[in-house]
Amino acid sequence: MKQPNPMNTETSQPGTTYNGEMDQGNHQGGGVSAAVLKQLKSRTQQTPLEAGEGESRKRCKCKKSKCLQLKCECFAAGVYCSTEPPCSCLYCHNIPIHNDTIWASRENIESRDPLAFTPKIIGRSSDSVQETREGDASKTPASGRHRRGCNCKKSNCSKKYCECFQGDAGCSIKCRCEDYYKDLAF
DNA sequence: GAGTTTGAAACT
DNA sequence: CAGTTTCAAACTC
Ligand SMILES: [Zn+2]
Ligand SMILES: [Zn+2]
Ligand SMILES: [Zn+2]
Ligand SMILES: [Zn+2]
Ligand SMILES: [Zn+2]
C-alpha cells in the first residue's frame with residue numbers, strides 16, 4: 001500500500017510553460033511581415049525554464065503520440081515534458097528543441113478546435129472583478145462547469161474518468177452522460 | 001509494475 | 001454532424 005493521497009495541488013501549473021498565448025500576428029500587409037513572422041517564430045521558441053519542476057509535477061507516459069496531442073497531459077497543459085523527474089514518455093517531442101513542432105501541432109489542433117487550449121472548467125468564481133458578495137464565500141457548491149460537458153457511460157460521473165468530476169464541476173446541460181442529476185445553472 | 005477500464009481526442 | 005478508432009489516464013490488482 002502506497003500513495004495514500006497522490007493528488008493534491010489542483011490549481012497550479014508546475015512545469016516549464018511555453019510562452020503563453022500571445023496575440024497572433026494580426027498585422028498583415030506591413031512591410032516587415034517576414035521580420036514580424038520571424039520574430040513571432042522566435043518567440044515561439046520558449047527558453048528552457050526550470051521553474052515548476054518538482055515531484056508534484058504531473059508526468060505523462062505517452063508512447064505513440066510523441067506528446068504532441070492533447071492526449072498528452074503535459075502538452076495539453078502547455079508545458080514541456082518533465083526531465084526531472086522525467087516523464088515516462090517514449091519518443092517525446094514535447095521538449096524545447098522541438099518547439100517548432102510543438103507549435104505547429106498546437107496551431108493544427110487550435111484550428112480544429114479554437115477552444116482546445118482554453119480551460120476545461122469555466123465559470124469558477126475567482127479572478128475577474130466579480131462582485132464579492134460577502135456571505136456566499138463560505139461555501140463553494142458549484143465550482144465551475146465543464147466547457148464541453150462529459151460523455152460518460154459507465155463511470156456514473158463519479159470517478160476521475162469523468163472530466164466534470166475530476167474538475168470538481170457538476171455535470172451540466174452540456175453533458176451527455178446518462179441522465180444524471182445535472183445542475184441547472186447554465 | 002502490469003493489466004484493465006474508460007472516455008476524450010483523433011480520425012473517417 | 002455521427003460512428004469508429006486510437007490512446008493515455010484512471011483504475012485495479
Ligand atoms: Zn506525453
Ligand atoms: Zn510528459
Ligand atoms: Zn513527453
Ligand atoms: Zn461524466
Ligand atoms: Zn458531466
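Letters go in sequence order (proteins before strands), and every chain restarts at 1.
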Does A/Lys153, at its NZ atom, have more than 12 non-hydrogen atoms belonging to other residues, nucleotides or ligands within less than 6.0 Å? yes
Just wondering, are more than 12 heavy atoms of other shown residues or ligands nearer than 6.0 Å to NZ in A/Lys154? no
Just how far, in rounded Å, is [atom2] of [N] from [atom1] of [X]?
X	N	atom1	atom2	answer
A/Lys63	C/dA8	NZ	P	8 Å
A/Glu73	C/dC7	CD	P	17 Å
A/Lys58	C/dA8	NZ	C1'	13 Å
A/Asn94	C/dA8	CG	C1'	14 Å

For A/Arg147 versus A/Ala116, what's the shortest heavy-atom pair and its separation? NH2-O, 3.8 Å
Measure across A/Ile95 and A/Ile102 and return the closest heavy-atom pair with its distance rounded to 0.1 Å. O-CD1, 3.6 Å
Sequence neighbours excluded, which residues qualify as side chain to side chain contact (heavy atoms under 4.5 Å, CB included) partners of A/Arg59? A/Glu55, A/Ser82, A/Pro85, A/Cys87
Using the six-membered ring wherever Trp is involved, compare the ring planes of A/His98 and A/His93 and label them parallel, tilted or perpendicular (cut-offs 30° and 60°). parallel
Base versus backbone protein contacts along nucleotides 5-12 of chain B [heavy-atom cut-off under 4.0 Å; B, S, -]: BSSSBSS-
